[in-house]
Amino acid sequence: MLVIPKIKPFFLSSFLISSVVFSQAHNVSDGYQKPTDPLVVQNLEQWQDMKFGLFMHWGTYSQWGIVESWSLCPEDESWTQRKPEHGKSYDEYVKNYENLQTTFNPTQFNPQKWADAVKKAGMKYVVFTTKHHDGFAMFDTQQSDYKITSPKTPFSKNPKSDVTKEIFNTFRKEGFKIGAYFSKPDWHSDDYWWPYFPPKDRNVNYDPKKYPERWENFKKFTFNQLNEITSNYGKIDILWLDGGWVRPFHTIDPKVEWQRTIKVEQDIDMDKIGTMARKNQPGIIIVDRTVPGKWENYVTPEQAVPEHALTIPWESCITMGDSFSYVPNDNYKTSQKIIETLVKIISRGGNYLMNIAPGPNGDYDPIVYERLQQISDWMNKNQSAVFATRSIAPYHEGNYYYTQSKDHHTVNVFHLDEKSEYKAPAVLTFSVPENFQPKSMKVLGISSKIQWKKTNENTVEIKLPEERKNLKYATVIQITQ
């Protein structure tokens with residue numbers, strides 16, 4: 001992921017982004033351009049119906065239980081700190097980090113187990129890290145030997161060694177849309193971090209204008225890897241490109257702290273990449289994160305939820321634990337917190353891409369499966385208020401959050417109580433959207449008929465039966481007109 005050091009709320013295009021956790025955050029780029037390709041528009045509409053997706057950061061770094069890739073970056077930030085036992089000098093550390101390839105053997109890898117668990121929890125698309133900034137390919141690239149299928153990697157002898165292929169095929173078979181995360185920068189590539197110079201920060205360590213042949217080699221390398229991913233791995237629905245510092249110099253936003261570190265032109269020719277990807281995968285959604293323009297088909301606040309509804313397609317990527325990568329004994333969010341976050345996101349018109357990090361053995365922590373089962377119990381009762389919905393004013397009032405069906409005939413009202421373990425109150429009083437005339441009402445998960453009345457033109461009062469005590473995490477009222 002792209003990590004920002006200081007967590008401060010900030011304004012952009014009149015939307016306030018507030019941090020969800022106090023470790024990492026991300027800004028939303030300005031200047032959204034709506035796609036014109038009908039297949040992309042259709043794919044984006046379907047993706048917006050899906051609401052809940054699975055993100056997975058996984059690589060050799062899981063063996064050390066450290067943040068993905070960032071300890072290789074010579075920036076003095078909290079998330080780039082290196083443990084002395086992994087190397088006394090920077091060079092020794094890099095050597096030991098890259099040597100993790102020779103011990104990576106996640107023999108418990110079973111993507112069907114993941115797909116079964118997350119599908120029950122309501123997730124409908126997956127975005128997997130085919131390659132992070134460290135350059136280690138979790139797919140069978142022909143452009144590098146720094147990959148999971150290399151003979152240097154013990155897991156290469158496993159019939160499921162091309163984990164990207166296994167994950168994509170398994171999840172696709174279960175009806176998921178497939179997203180390929182790919183890092184544009186590659187800190188292992190001699191054409192990005194040229195060994196002639198030491199790396200100074202996250203950026204390319206030479207001036208591409210001064211050494212155009214070397215930069216051209218890097219562009220070809222990146223193009224070829226993305227061509228492999230979009231050609232050799234079946235239908236891909238989303239190409240999720242990270243590392244927004246690799247961008248045309250003229251697109252830098254000087255208001256954004258990390259973009260001010262970009263001192264040289266790093267144009268990777270997204271027109272060429274995007275055209276190739278669309279030729280290989282007609283209708284593919286392309287997310288060139290933080291680089292506004294025709295290749296950022298939706299925006300992606302990280303570890304954050306917009307305070308208000310956004311009128312453009314967007315997705316918050318947020319970790320189930322504290323970290324995007326596997327950390328032993330991570331602090332996993334409660335199921336109630338996850339449901340509350342989902343409700344906030346969908347009421348504001350977005351999607352929730354929840355990250356779960358597999359460990360070095362190739363499986364999730366046991367607590368993850370507990371959380372997913374608890375979420376699935378809630379989703380079984382309430383999914384009609386979640387999927388294929390859109391935002392509707394007033395969006396959010398007090399403890400109440402709103403969505404509507406795409407045909408505008410149904411409004412869903414979610415009641416949350418973030419202060420404590422959720423207990424549905426005996427009486428709920430809330431506004432109904434303007435010009436919406438309630439004819440019938442039901443509370444999802446309660447079989448008995450609900451008593452309700454209008455207390456004034458736009459306000460409804462509902463009395464809940466004793467059965468309400470069985471409701472967990474949120475109460476969902478479904479109103480039809």
Side-chain angles (χ1 to χ4, degrees), residues 49-52 117-124 333-348 352 370-434 436-481:
D49 287 347
M50 292 183 155
K51 300 302 175 194
F52 198 21
V118 302
K119 184 178 182 179
K120 285 177 185 169
M123 293 179 173
K124 296 187 179 299
K333 295 172 181 64
T334 64
S335 299
Q336 179 168 322
K337 178 68 177 171
I338 292 165
I339 295 298
E340 288 167 354
T341 303
L342 175 66
V343 169
K344 288 179 183 178
I345 288 171
I346 64 174
S347 72
R348 292 160 196 175
Y352 182 4
E370 289 177 29
R371 295 284 191 273
L372 292 170
Q373 182 57 53
Q374 290 161 354
I375 295 165
S376 71
D377 292 343
W378 183 89
M379 201 66 82
N380 284 341
K381 301 181 183 82
N382 299 292
Q383 57 186 307
S384 62
V386 173
F387 304 114
T389 59
R390 295 295 182 267
S391 61
I392 182 173
Y395 313 112
H396 165 215
E397 282 188 348
N399 287 339
Y400 297 94
Y401 294 79
Y402 298 78
T403 66
Q404 67 175 327
S405 60
K406 288 167 75 175
D407 65 9
H408 300 208
H409 293 322
T410 305
V411 164
N412 309 293
V413 184
F414 298 80
H415 176 260
L416 306 181
D417 180 7
E418 299 177 73
K419 293 173 185 168
S420 61
E421 184 180 344
Y422 186 79
K423 289 183 174 60
V427 178
L428 296 171
T429 306
F430 54 89
S431 304
V432 292
E434 207 171 324
F436 191 88
Q437 301 302 323
K439 288 208 173 112
S440 66
M441 251 174 240
K442 63 181 176 180
V443 175
L444 301 182
I446 288 182
S447 54
S448 51
K449 198 171 178 182
I450 302 302
Q451 290 181 291
W452 65 278
K453 64 181 179 181
K454 289 185 88 169
T455 55
N456 64 42
E457 189 180 346
N458 284 330
T459 308
V460 164
E461 181 182 284
I462 290 184
K463 289 187 177 174
L464 296 181
E466 280 295 299
E467 212 181 330
R468 73 180 186 278
K469 292 178 180 175
N470 298 326
L471 298 177
K472 285 188 171 184
Y473 313 138
T475 299
V476 186
I477 307 106
Q478 204 156 62
I479 315 170
T480 51
Q481 67 173 355

### Query
In this structure, are over 12 heavy atoms from other groups packed under 6.0 Å from K449 atom NZ?
no
#### Entry: Aromatic ring pairing Y352/F52, orientation class (parallel under 30°, perpendicular over 60°, tilted between)
tilted
Just verifying a value: how many Å separate [X] [atom1] and [Y] [atom2], rounded to the nearest 0.5 Å?
X: Q404; Y: S347; atom1: CD; atom2: OG; value: 12.0 Å
X: L342; Y: E340; atom1: CG; atom2: CD; value: 11.0 Å
X: L372; Y: K120; atom1: CG; atom2: NZ; value: 10.5 Å
X: Q336; Y: E418; atom1: CD; atom2: CD; value: 8.5 Å
X: S431; Y: N458; atom1: OG; atom2: CG; value: 6.5 Å

### Query
In chain order, what residues pass the salt bridge (charged side-chain N to carboxylate O under 4.0 Å, His left out) check against D417, with sequence neighbours excluded?
none
### Task
Quickly, which of I338, V343, I345 forms a side-chain contact (heavy atoms from CB on, under 4.5 Å) with T341? Name it, please.
I345
### Query
Looking at I346, D49, T403, which one forms a side-chain contact (heavy atoms from CB on, under 4.5 Å) with R390?
D49
### Task
Name all residues meeting the side-chain hydrogen bond (donor to acceptor under 3.5 Å, both in side chains) criterion together with K124; count only those two or more places apart in sequence or in a different chain, and write none if there are none.
none
Would you be so kind as to tabulate the donor-acceptor pairs closer than 3.5 Å made by side chains of residues 464-481, with sequence neighbours excluded?
| unit_1 | atom_1 | unit_2 | atom_2 | d |
| --- | --- | --- | --- | --- |
| E466 | OE1 | K469 | NZ | 2.9 |
| E467 | OE1 | S448 | OG | 3.2 |
| E467 | OE2 | S447 | N | 3.0 |
| E467 | OE2 | S447 | OG | 3.2 |
| R468 | NE | A424 | O | 3.1 |
| R468 | NH1 | P465 | O | 3.4 |
| T475 | OG1 | Y422 | OH | 2.6 |
| Q478 | NE2 | S384 | OG | 3.1 |
| Q478 | NE2 | N412 | OD1 | 2.8 |
| T480 | OG1 | S440 | OG | 2.4 |
| Q481 | OE1 | Q437 | N | 3.0 |

### Message
Distance alone, cut at 3.5 Å: any donor-acceptor contact between the side chains of E370 and Q374?
### Response
no
Taking all atoms of both residues into account, what is the closest heavy-atom pair of [X] and [Y], and its distance?
X: V411; Y: F436; value: CG2-CE1, 3.5 Å
X: K439; Y: W452; value: O-CZ2, 3.8 Å
X: K454; Y: V460; value: CG-CG2, 4.2 Å
X: P394; Y: Y402; value: CG-CE1, 3.7 Å
X: N380; Y: Q383; value: O-NE2, 3.7 Å
X: M441; Y: I450; value: O-CB, 4.4 Å

### Message
Between K51 and T389 (side chain of the first, backbone of the second, donor and acceptor by atom type, cut-off under 3.5 Å), is there such a pair?
### Response
yes
### Summary
The residue among H415, H396, K344 that forms side-chain hydrogen bond (donor to acceptor under 3.5 Å, both in side chains) with Y401 is H396
### Task
Dump the intermediate steps for side chain to side chain contact (heavy atoms under 4.5 Å, CB included) on R348 and S391, then the final yes or no.
CA-CA 6 Å; R348 292 160 196 175; S391 61; 5.9 Å; no
